[in-house]
Each structure stands twice: as structure tokens, then as C-alpha cells.
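A quick write-up on the structure given underneath.
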Amino acid sequence: MTVYFIGAGPGAPDLITVRGLRLIERCPVCLYAGSLVPEEIVKAAPEDAIVKDTAPMHLDAIVAEMEAAHARGEDVARVHSGDPSIYGAIAEQMRRLDALGIPYDVVPGVPAFAATAARLKTELTLPEIAQTIIITRTEMKASSMPEFETLEILGKSRATLAIHLSIRNLPHIREVLTPYYGEDCPVVVAYRSTWPDELFIRTTLKDMQAAVREAKITRTALIMVGKVFGSVEFRDSDLYNSQFSHVLRNVGKKKKQVAG
């Protein structure tokens, strides 16, 4: 018996991995985050499977379901949204399973920031513009940030930012990032990327709060900040440069062979 922590992807049912879907199709127990996992994915569970939405459940109750399945010798598909390694709250579940001696495995999924970039047809790392992506969130009343991971510190990098769980903290984001990125820095607020009701707001640090208020978005949104989202000039990558040598394309060696 194994508990499989499965990343369901950002929303579109066909963006789950083949491995994840096949596990859901065969596991006798399916525990899923109902508010964020598409119903179509859960419907792939066997007809006689135990299927439970864990949104209203607390940690002890969820682990109890896994423990009961372990006693019956039944595999569990524990389905999370996006990729379970990012704000998935799986570490605390795995810690409980370790204590109980219940085996588990993790199946990655497509994260929201990658899905958003795909829908926007945008590369998040452009030569000489941005070569770093920071996935983070901001401090709210109910949860603090580690001392050295505050937005004030991360913003100094001027990297491409994917800010989760912070749609109600826009004034703080603007205030902190403007000195480093400029008030005209492009921002994309992505609401439910790849879902049927997805919405992308292209704006700037200066105007994002007004734009979000007008769209009446209060949850389930990702804030993407960076120069890569604007109309920028950048040089071609050396990856496919005919004059650039690498281990699979040695320009100098080929020239010598031709000369010989």
C-alpha cells in the first residue's frame, strides 16, 4: 500500500501528468483538494472508489483516512493542485505518515507560474533581461515569512517574480517593489490559469491594485512581476547561435575538419 501525493496541475484536466492520472484511475481511495482540483480529474477514479473532498477536513481527519486505507491494504491518491512541492502542505502529511510507518510517493505537477507563462506565450528567462525566477508569497496576518525571505530582500534581485497567496496585499507589493522595478514595471495578475473562467490582467505596479479591484478578484490569483512581461529588446540566446560551440556542436572542430 502506498499514498501517492499527486500534482493535478493548474486547472485544465489534460495538464495532469500521465503518471498522475493513471494512479488516480487505479487507486481505491482518492482524497482531493476540492476547491482547486478539477472535478473531471477526480471522476477518473474507479467507480467503486472512496472519493473525499478534503477542503473541509483538518489534518488529523485526512491522515485518519490514509491510516484506514493502509489497514485495508488500499493505495491512496492524494490529489493536490499545481505541483505539490509548492505551497502544497504535503510535508506535514508526510511527517505523519513517517511516524505511522505508511509508505508514500510524490508525483509532480505543472505549477501555476509555468501554466501562466504558457498561456501568455512568454519566456520567463530572457537573455540579459532576467535569468532568475523567484517563487514566493508575502506576509499576511495569519502567516509570517522567514527573516531573510521578505519581499524587501527578494525584490533587490529584480528577477522575475511569481507571487502566490498575496492578492489582498497589493499595496504592500507596490510599495516594496517600486524602488527596484519602477512603477511602470509590467505586472500580470493571473486568475485561475487554464480554467474555463481564467482571466489575465496586464497592468503595472502602479495600476495593479485598481485593475484588480475593477475585476473584483479576491482569491485564487498569481501575481507575476518582471520586465519579461513587457515589450523588451533582447539578444538571441547562444543556444542556437551558429558561431557558438558547445558539447553537441563544436564549431571550431567542424571548421578544422572542413579545412582539412
Side-chain angles (χ1 to χ4, degrees), residues 1-119 135-137 142-143 162 164-165 190-198 219-222:
M1 177 273 177
T2 301
V3 174
Y4 295 96
F5 292 95
I6 301 169
D14 59 350
L15 283 178
I16 191 172
T17 64
V18 173
R19 180 184 299 181
L21 182 59
R22 287 177 177 171
L23 284 169
I24 293 171
E25 289 173 342
R26 73 166 182 77
C27 284
V29 179
C30 179
L31 307 175
Y32 71 102
S35 60
L36 298 171
V37 174
E39 185 178 355
E40 186 176 338
I41 288 178
V42 178
K43 285 182 177 179
E47 187 174 344
D48 57 347
I50 297 173
V51 179
K52 290 193 175 184
D53 178 1
T54 60
M57 298 170 65
H58 53 70
L59 180 60
D60 289 340
I62 294 170
V63 174
E65 290 290 341
M66 298 175 179
E67 194 172 6
H70 178 255
R72 297 191 301 268
E74 296 178 344
D75 289 337
V76 176
R78 176 65 175 114
V79 189
H80 285 263
S81 62
D83 180 272
S85 70
I86 304 175
Y87 306 119
I90 65 170
E92 60 208 55
Q93 296 175 69
M94 294 189 292
R95 179 167 57 191
R96 296 288 189 93
L97 295 180
D98 284 334
L100 294 168
I102 298 176
Y104 55 85
D105 200 2
V106 181
V107 180
V110 177
F113 77 89
T116 297
R119 296 295 291 139
I135 303 166
T136 189
R137 48 173 283 271
S143 54
H164 290 254
L165 307 171
Y191 173 75
R192 288 167 60 91
S193 294
T194 78
W195 289 77
D197 59 345
E198 69 178 2
R219 61 188 298 272
T220 323
L222 174 66

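Given the structure is predicted, the values throughout are model-derived calculations rather than measurements.
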* To do: Please step through side-chain contact (heavy atoms from CB on, under 4.5 Å) for the pair Gln93 and Tyr104, ending with a clear verdict.
  => CA-CA 10 Å; Gln93 296 175 69; Tyr104 55 85; over 6 Å; no
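- Looking only at distances, no side-chain donor or acceptor of Asp105 sits under 3.5 Å from a matching main-chain atom of Tyr4.
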* List the steps, then state whether side-chain contact (heavy atoms from CB on, under 4.5 Å) holds for Leu100 with Val63. => CA-CA 10 Å; Leu100 294 168; Val63 174; 3.7 Å; yes
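- Heavy atoms only, all atoms of each residue included: Ala12 and Thr194 are closest at N-OG1, 2.8 Å.
- Between His164 and Tyr87, the two ring planes are tilted [angle within 30° to 60°].
- Ala45 and Ala49 make their closest contact through CB-CB, 4.2 Å (heavy atoms, listed as atom of the first residue, atom of the second, distance).
- The structure places CZ of Phe113 at 8.5 Å from CG of Asp83, a figure rounded to the nearest 0.5 Å.
- For the atom pair SG (Cys30) and CD (Glu25), the distance works out to 11.5 Å, reported to the nearest 0.5 Å.
- Between Pro56 and Asp53, the shortest heavy-atom contact is CD-O, 3.4 Å.
- Atoms CG and CG, on Leu23 and Asp75 in that order, are 8.0 Å from each other to the nearest 0.5 Å.
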* Asked: Going through the distances and angles, do Arg96 and Met66 end up as a side-chain contact (heavy atoms from CB on, under 4.5 Å)?
  -> CA-CA 10 Å; Arg96 296 288 189 93; Met66 298 175 179; over 6 Å; no
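- Annotation: the span from Ile41 atom CD1 to Tyr32 atom OH amounts to 11.5 Å, rounded to 0.5 Å.
- More than 12 heavy atoms of other shown residues, nucleotides or ligands fall within 6.0 angstrom of atom CZ in Arg26.
- Atoms CZ and CZ, on Arg219 and Arg192 in that order, are 8.0 Å from each other to the nearest 0.5 Å.
- The shortest distance between side-chain heavy atoms of Glu65 and Val76 does not fall below 4.5 Å.
- Of all the heavy atoms in Leu222 and Ala162, the pair that sits closest is CD1-C, 4.0 Å.
- Atom CD1 of Ile86 sits about 10.5 Å away from atom OG of Ser81, to the nearest 0.5 Å.
- Between Val42 and Val37 the shortest side-chain heavy-atom distance falls below 4.5 Å.
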* **Check against side-chain contact (heavy atoms from CB on, under 4.5 Å), Val29 and Arg72** => CA-CA 11 Å; Val29 179; Arg72 297 191 301 268; 3.6 Å; yes
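- The two atoms that bring Ala55 and Ser35 nearest to each other are CB-N, 4.5 Å, heavy atoms only.
- Between the His70 side chain and the Ile102 main chain, no donor and acceptor come within less than 3.5 Å of each other.
- In this structure, Pro108 and Thr17 approach most closely via the heavy-atom pair O-CG2, 3.5 Å.
- When atom types are taken as modelled, the side chain of Thr54 and the backbone of Met57 share no donor-acceptor pair closer than 3.5 angstrom.
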